[in-house]
Amino acid sequence: MAEFLSTAHCEGLKVELESRDMAKKKKRALITGITGQDGSYLAEYLLTLRYEVWGLVRRTSLDPLMRLQGIAPDPRVHLVYGNLRDSASIGRALAEAQPDEIYNLAAQSDVGISFKCPEETFEINYFGLGRLINEVQHICPKARVYQASTSEMFGTTKPPQNERSPFRPVSPYGESKVKAHEDFVVGYRERHGLFICSGILFNHESPRRGEHFVTRKISISLAKIKLGLQKSFALGNLDAKRDWGFAGDYVRAMHRMLQREKPEDCVIATGVAHSVREFVEETIRAFDMKITWKGTGVKEVGVDAAGNTIVTVDKKFYRPREVNSLRGDPAKAKKRLGWKPNVTFKELVRMMAKADYERIQKSL
Ligand code: NAP
Ligand code: F7E
């Protein structure tokens with residue numbers, strides 16, 4: 001029958017068959033940082049979209065798969081050993097996974113620690129992306145790459161911050177991410193035509209958040225105080241403001257950014273900011289407790305209904321340079337990606353407080 005079809009018909013049929021094959025073929029995603037907060041939510045989300053998920057996992061002295069207990073036994077999840085500090089291991093992971101999409105979430109992500117370990121921060125956050133991009137160009141140049149950029153890049157720029165706001169980072173972490181964005185995201189997109197884009201994400205939290213980040217520290221400490229296991233805890237700057245969303249909402253935006261026709265950077269945020277003090281107060285309400293603030297500066301304390309000091313301020317948690325106020329403008333994400341957050345600040349705080357309370361109570 002083929003001889004009765006015109007060339008145009010044949011081409012049309014071929015394209016249709018190819019696209020049917022593509023639709024049947026499972027997409028493959030490689031996630032660096034799969035063991036982290038975002039990596040675990042993203043892996044779960046991509047599995048719901050029927051992806052085959054590959055994760056780059058580095059060797060650690062403790063079990064690196066703590067957050068992946070729900071999905072690690074899934075046959076659609078493949079974990080490969082590797083490290084962003086080691087080009088050969090990245091190359092092997094790419095050759096094995098042959099990904100359609102790459103999500104670069106691996107990082108030294110602690111801003112406070114970045115002042116103490118700037119070299120390691122740059123080594124992973126900046127050179128790590130460089131190594132990855134170099135290997136992508138050789139092994140899978142058609143793969144689409146998502147880079148985990150951050151609101152910390154805006155630094156001292158006044159809120160609200162959006163895609164056109166200037167980057168004025170103040171921490172080695174912020175600087176490493178700005179440089180990675182400029183050299184490898186914008187640079188390789190413009191000079192080499194790579195499909196690569198940055199999600200400039202504002203703070204996002206969850207019960208899986210690392211325990212040293214302020215939100216998780218607050219929810220764990222107040223859960224312990226509520227359970228009578230701890231008397232008080234210390235914080236640093238209570239007046240810093242952040243735009244806090246839920247990590248589970250933010251990974252949907254990462255995926256959507258790679259489904260666009262052209263790669264474009266996008267701010268992902270809720271558009272609402274709260275201070276660290278307000279995060280404490282909302283968690284206090286979640287635990288049905290009361291707090292009154294007394295004093296100022298390092299002498300400030302939070303006192304409960306019985307007059308016990310439950311929160312103090314300790315200079316050691318101050319940073320050499322602070323980003324005082326971050327609030328994102330998510331208008332572009334809404335328009336271009338059709339993305340909006342589902343979980344409110346109050347719901348997020350309650351989700352974290354409940355999870356920590358139940359986990360600690362269960363462990364007693
Ligand atoms: P996270 O929980 O700290 O996870 C970081 C991940 O990077 C972990 O899986 C860690 O592995 C991995 N990693 C660190 N060094 C590595 C190396 N040398 N080679 C390979 N993997 C390495 O961070 P997150 O909160 O999920 O954030 C994900 C990404 O988004 C990061 O790039 C972060 O900078 C960025 N970001 C986060 C936020 C936020 O609010 N969460 C906002 C904006 C941007 P181990 O488990 O072995 O430590
Ligand atoms: O600090 C203040 C602190 O460490 C938030 C990372 O995911 O989000 C995160 O970075 C604020 C800061 O997050 C304590 O000074 C007060 O102003 O929870 P954090 P971060 O620095 O905003 C960005 C977007 C990322 O990209 C990063 O990877 O809270 N603060 N007292 C404290 N912070 C901590 N950690 N501990 C305190 O005791």
Side-chain angles (χ1 to χ4, degrees), residues 37 66-67 109-113 115-116 159 202-249 270-320 322-327 341-364:
Q37 171 190 254
M66 247 161 45
R67 294 188 179 99
S109 71
D110 189 312
V111 177
I113 298 280
F115 288 98
K116 293 178 178 138
F202 283 61
N203 297 53
H204 44 277
E205 320 290 313
S206 75
R208 299 182 198 170
R209 185 58 144 150
E211 297 188 2
H212 296 291
F213 295 99
V214 78
T215 55
R216 192 74 201 291
K217 180 173 167 183
I218 294 168
S219 82
I220 293 175
S221 306
L222 286 173
K224 286 188 177 163
I225 291 172
K226 178 77 180 174
L227 285 162
L229 300 171
Q230 187 175 320
K231 287 200 173 354
S232 67
F233 67 107
L235 289 170
N237 181 2
L238 294 172
D239 296 315
K241 286 190 162 175
R242 290 292 182 274
D243 179 334
W244 279 297
F246 170 51
D249 282 340
T270 69
V272 184
H274 293 274
S275 63
V276 171
R277 185 191 306 281
E278 285 165 348
F279 201 101
V280 173
E281 291 167 353
E282 196 57 55
T283 313
I284 287 275
R285 278 191 283 280
F287 284 125
D288 212 10
M289 294 162 64
K290 293 228 154 25
I291 194 164
T292 314
W293 300 102
K294 293 182 178 166
T296 54
V298 280
K299 299 235 169 76
E300 183 163 6
V301 291
V303 178
D304 72 6
N308 302 311
T309 294
I310 53 173
V311 183
T312 58
V313 173
D314 189 327
K315 255 190 165 161
K316 83 172 175 211
F317 297 115
Y318 284 4
R319 292 178 181 168
E322 176 67 290
V323 170
N324 290 315
S325 192
L326 290 173
R327 178 165 64 83
N342 291 332
V343 175
T344 64
F345 175 72
K346 191 172 172 176
E347 289 165 347
L348 171 68
V349 171
R350 268 148 219 265
M351 178 201 303
M352 293 177 70
K354 183 171 182 285
D356 276 323
Y357 184 86
E358 289 176 356
R359 184 183 52 80
I360 296 166
Q361 195 181 38
K362 209 169 140 196
S363 72
L364 290 179

Next item on the list: Output all residues satisfying salt bridge (Lys or Arg N to Asp or Glu O under 4.0 Å) with Arg208, sequence neighbours left out; order by chain, then residue number.
Entry: Glu44
Checklist line | Under the side-chain contact (heavy atoms from CB on, under 4.5 Å) test, residues paired with Ala305 that sit two or more places apart | finding: Lys290
Checklist line | Counterpart residues, salt bridge (Lys or Arg N to Asp or Glu O under 4.0 Å), relative to Arg327 (two or more places apart) | finding: none
Next item on the list: Name all pairs fulfilling the salt bridge (charged side-chain N to carboxylate O under 4.0 Å, His left out) condition that reach into residues 303-315, sequence neighbours left out, sorted by first residue then second.
Entry: none
Checklist line | For Ser109, all residues meeting side-chain hydrogen bond (donor to acceptor under 3.5 Å, both in side chains), sequence neighbours excluded | finding: none
Check: With Gln230, which residues qualify under side-chain hydrogen bond (donor to acceptor under 3.5 Å, both in side chains), at least two apart?
Finding: none
Margin query: Lys231: which residues meet the side-chain contact (heavy atoms from CB on, under 4.5 Å) condition with it, sequence neighbours left out?
Written below: none
Margin query: Enumerate the side-chain hydrogen bond (donor to acceptor under 3.5 Å, both in side chains) contacts for residues 352-363, please, sequence neighbours excluded, ordered by first and then second residue.
Written below: Arg216-Asp356, Ser219-Asp356, Lys354-Glu358, Asp356-Arg359
Checklist line | With Thr312 via side-chain contact (heavy atoms from CB on, under 4.5 Å) - residues at least two apart | finding: Ala234, Val301, Thr309
Distance-only donor-acceptor hits, side chain of residues 235-243, under 3.5 Å, sequence neighbours excluded:
unit_1, atom_1, unit_2, atom_2, d
Asn237, OD1, Asp239, N, 2.9
Asn237, OD1, Ala240, N, 3.4
Asn237, ND2, Glu322, OE2, 3.2
Asp239, OD1, Arg277, NE, 3.4
Asp239, OD1, Arg277, NH2, 2.9
Arg242, NH1, Val323, O, 2.8
Arg242, NH2, Val323, O, 3.2
Asp243, OD1, Thr270, N, 3.1
Asp243, OD1, Thr270, OG1, 2.5
Asp243, OD2, Thr270, N, 3.4
Asp243, OD2, Gly271, N, 2.9
Asp243, OD2, Gly328, N, 3.0

Next item on the list: Would you list the pairs meeting ring pair (Phe, Tyr, Trp, His ring centres under 6.0 Å) in which at least one residue belongs to residues 213-247, sequence neighbours left out?
Entry: Tyr41-Phe246, Trp244-Phe279
Check: For Glu282, what residues pass the side-chain contact (heavy atoms from CB on, under 4.5 Å) criterion, not counting sequence neighbours?
Finding: Arg285, Phe345, Lys346, Val349, Arg350
